[in-house]
Amino acid sequence: MPNIQVLEPHVADLIAAGEVVERPASVAKELMENAIDAGASAVTVEISHGGLTFLRATDDGKGIPSPELKTAFLRHATSKLRTEYDLEAIGTLGFRGEALAAISAVSRIEVLTRTAEAELGASLALEGGTPGEVEEAGCPLGTTMVVRDLFFNTPARLKFMKKDAAEGAAVFAVVQRVALSHPEVSVKFIRDGKQELLTPGDGQLKSAVYAVLGRELALGFREVRSAGEDMSVTGFVSMPACCRASRSWQFFFVNGRQVKSPLMTAALEEAYKNQRMVGKFPGCVLHLRTKLNAVDVNVHPAKTEVKFGAERTVFSAVYHAVLSTLEGDQSHPQAVLKNTEIPGLRKQDTVTPNQIRMNASASPFVGETTQRAGGSAVPPSAASGGSSPAEGTPKPPVPAVVRVHSSSYIPPSPAGQSLPPSREKAAPPKAMPDAGDPTPAPILPLTPPSVSAGDPPAAGRVEENSEIPWRVAGEVLNTYIIVEQGETVYFIDKHAAHERMNFDRMKGEDYTPMSQALLTPAICRVSPDQREVLLNQRHLLEEFGFEVDELGSDLAVRRSPDYLDAGDIPAALEELAGRLLTAGSADPAAARDELLHTMACKAAIKGGWHSAPQELERIAAAVMSGQVKYCPHGRPVAIELSKKELEKQFKRT
């Protein structure tokens with residue numbers, strides 16, 4: 001058995017360096033944090049070959065006094081702690097005094113630094129942790145550190161480094177997180193001579209988010225601002241429609257320190273419950289400010305994990321701050337239309353009347369088209385046997401204009417009454433009016449008929465909390481409701497909106513399901529695990545109108561919700577069982593929400609069904625009032641199309 005002996009100091013330093021310096025990104029993080037602790041207002045990070053051969057960090061902070069320059073690279077040498085009591089309330093990013101010693105142990109370092117009191121700066125070179133002599137040098141206020149040949153003396157670590165592109169991306173990610181953690185610091189990142197990031201350093205988090213995450217992602221964020229007695233939460237969160245496929249766009253900061261916190265992640269995603277799509281994750285840039293002694297940052301070598309003294313309070317603060325932002329947002333996704341050019345024409349060509357025939361007298365709807373059996377649109381004149389363009393002339397399709405079938409105004413049903421889903425199939429399209437038919441289709445007036453004081457509020461009328469009047473202009477494809485408000489047109493998915501209305505109604509404590517007894521029990525054959533979970537959650541099924549009994553290895557359904565056809569019961573139960581198996585039976589609230597998702601969807605009006613005007617009015621009223629914004633699966637229920645965007649399609653602007 002080998003003898004026990006104390007390691008050489010150099011070997012011990014290499015082992016300790018491996019805990020702090022994992023890759024070039026670790027070096028960038030430690031140097032940037034030191035710069036921020038030194039009061040820098042601008043930090044520049046420049047790398048080459050992924051940071052393995054060259055990494056330079058420049059700041060305009062306080063600098064290091066010349067007599068203390070060598071001391072700064074000794075292990076456990078720091079200016080941020082004095083006694084053990086200082087560990088109870090750490091207000092700086094660094095505090096252990098290990099970073100510079102660890103970096104210098106596995107690289108070659110050159111340092112230039114000057115304080116405000118000194119006329120000349122100081123320079124120092126170190127190789128493998130061994131320092132040279134401190135010399136005078138001319139340099140600006142602050143500190144510049146150049147790290148070369150990282151891991152040159154530890155080939156065991158060097159062989160595990162990834163390609164330059166991957167290591168450079170990791171450094172860039174660290175620089176981005178530091179820029180988001182301190183928006184008051186201007187951060188610049190240069191990779192292989194090319195500038196990839198520059199934040200303004202104006203102290204506005206919105207500016208840093210825009211610079212780091214880009215315009216597209218930043219426009220999908222909404223501001224979070226919540227403050228309590230001992231804790232505040234500020235930042236930005238993405239709207240449910242802008243959730244991403246991974247959690248890589250979630251940034252959490254505690255007292256200016258970037259952390260990985262499962263607690264804060266859980267609070268964030270709980271606020272999005274029943275609003276985001278399955279498999280999608282919200283993005284965020286959230287800053288939590290709390291008392292220094294309420295959080296312990298000395299629990300991980302990289303200082304990326306923290307422990308909270310009051311975890312429930314932190315969870316509640318993040319959850320309610322995010323939830324209030326989501327509930328207060330009244331915006332809808334913007335419809336994006338691409339400008340299309342007519343096939344067969346060059347930009348310099350002129351469109352002639354023979355190339356596009358639009359005969360306004362052929363129909364009261366200008367530009368209306370007739371659909372062939374194959375689905376292609378043809379001009380009305382061609383559909384009625386008119387002359388066709390000359391041979392060889394391109395025949396571009398005529399842009400189809402949405403045909404709005406308006407109806408006379410009908411007040412909606414009283415609030416609180418559920419919508420009876422109409423199962424009437426879509427009516428076949430009416431024949432196009434003859435060219436000489438002078439009777440145009442009725443147009444719904446912008447101002448509906450007067451309603452007496454005792455009548456329920458009408459959807460087309462200006463409500464007390466509505467600034468601009470709106471009206472239901474019609475429905476297309478028996479699926480999308482068209483609402484006009486000012487110079488904006490909204491397209492509402494009636495199924496998604498009605499599904500959300502059902503979900504909120506069913507989740508209420510006073511919800512009583514309408515169920516019907518079946519003359520003949522519906523027999524459902526499901527797998528053993530599905531059968532077990534359905535029987536274990538029988539009380540939940542009863543809440544939604546199901547009465548399920550055992551029948552040998554099968555299940556017998558004796559009662560079901562009134563909106564569910566008998567033939568659809570087996571498929572519905574099988575879907576419910578699948579959701580319960582996914583949610584698990586350990587969390588009753590999660591299991592109930594999974595049932596709510598399915599039952600709300602089953603009870604909702606289906607796309608393609610013909611709906612009565614009252615149904616359309618009530619759904620539109622719920623959406624336009626802000627009561628309904630997203631379906632339970634996170635899909636948007638409405639998109640908006642501005643007049644300007646529409647006019648661009650017709651080349652009017």
Side-chain angles (χ1 to χ4, degrees), residues 13-38 40 42-59 72-73 75 93-94 96-112 124-130 143-182 185 187-199 212 248 251 257-260 300-304:
D13 289 342
L14 293 179
I15 294 174
E19 298 178 354
V20 179
V21 183
E22 300 177 3
R23 58 197 308 187
S26 305
V27 177
K29 174 180 178 294
E30 297 294 345
L31 295 183
M32 293 185 74
E33 288 183 349
N34 283 344
I36 293 173
D37 287 340
V43 180
T44 301
V45 176
E46 184 177 356
I47 66 171
S48 294
H49 301 97
L52 287 169
T53 61
F54 178 84
L55 188 152
R56 177 166 57 196
T58 305
D59 67 73
F73 289 89
R75 291 189 64 190
L93 299 178
R96 293 177 181 149
E98 293 180 336
L100 293 181
I103 296 171
S104 65
V106 292
S107 66
R108 298 181 175 96
I109 292 184
E110 301 169 9
V111 186
L112 281 172
L124 175 67
L126 302 95
E127 181 172 344
T130 303
T143 302
T144 299
M145 289 201 179
V146 181
V147 181
R148 303 181 188 271
D149 304 326
L150 189 62
F151 302 127
F152 78 98
N153 55 352
T154 53
R157 174 60 63 87
L158 186 62
K159 71 178 183 180
F160 286 102
M161 293 297 102
K162 298 180 180 179
K163 295 182 179 179
D164 292 349
E167 294 298 338
V171 175
F172 189 23
V174 165
V175 174
Q176 287 178 314
R177 289 194 288 268
V178 173
L180 292 174
S181 66
H182 289 81
V185 178
V187 176
K188 181 189 293 186
F189 177 67
I190 302 173
R191 173 160 46 174
D192 296 326
K194 181 181 178 181
Q195 178 178 303
E196 297 189 1
L197 175 67
L198 176 62
T199 62
V212 172
S248 59
F251 301 93
R257 182 189 305 277
Q258 194 270 332
V259 299
K260 298 176 182 177
H300 191 273
K303 297 169 288 186
T304 56

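For this chain, numbers begin at 1 and follow the sequence in order. Worth saying up front: this structure is predicted, and the values here are computed from it rather than measured.
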### Query
Please walk me through it: do Val27 and Leu150 pass side chain to side chain contact (heavy atoms under 4.5 Å, CB included)?
CA-CA 9 Å; Val27 177; Leu150 189 62; 4.1 Å; yes

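The list of side chain to side chain donor-acceptor pair (under 3.5 Å) pairs with a residue in residues 165-178, not counting sequence neighbours, reads Arg23-Glu167. Sorted by first and then second residue, the salt bridge (charged side-chain N to carboxylate O under 4.0 Å, His left out) pairs with a member in residues 43-59 read Glu46-Arg56; sequence neighbours excluded.
Of the inter-residue distances, the one linking Leu112 atom CG with Thr143 atom OG1 reads 9.0 Å to the nearest 0.5 angstrom. The line from CG of Leu55 to CD1 of Ile103 is 8.5 Å long, rounded to the nearest 0.5 Å. Atom CG of Asp192 and atom CZ of Phe54 lie 10.5 Å apart (nearest 0.5 Å). Arg108 CZ to Asn153 CG: the interatomic distance, rounded to the nearest 0.5 Å, is 8.0 Å. In this structure, the separation between CG on Leu31 and NZ on Lys29 is 11.0 Å, given to the nearest 0.5 Å. In this structure, CG in Leu52 is found 6.5 Å from CG in Leu158, a value given to the nearest 0.5 Å.
Across every non-hydrogen atom of Glu22 and Phe151, the tightest pair is O-CZ, 3.8 Å. The two residues Ile47 and Gly168 come nearest to each other via the heavy atoms CD1-CA, 3.8 Å. Pairing each heavy atom of Ala28 with each of Val174, the nearest pair is C-CG1, 4.4 Å. Closest approach of Ser48 and Thr53 over heavy atoms only: O-OG1, 3.4 Å.
Annotation: side chain of Leu197 is in contact with side chain of Val175 (closest heavy-atom distance under 4.5 Å). Between Val45 and Lys188 the shortest side-chain heavy-atom distance does not fall below 4.5 Å.
Ile109 pairs in a side-chain contact (heavy atoms from CB on, under 4.5 Å) with only one of the listed residues (Leu100, Asp149, Leu124, Val147), which is Val147.
Remark: side-chain polar atoms of Arg191 are not paired, donor with acceptor, to backbone N or O of His49 under 3.5 angstrom. Of the possible donor and acceptor atoms, one in the side chain of Thr199 sits under 3.5 Å from a partner among the backbone N and O of Val187.
Legend: residues meeting side-chain hydrogen bond (donor to acceptor under 3.5 Å, both in side chains) with Arg148, ordered by chain and number and at least two apart, are Glu110.
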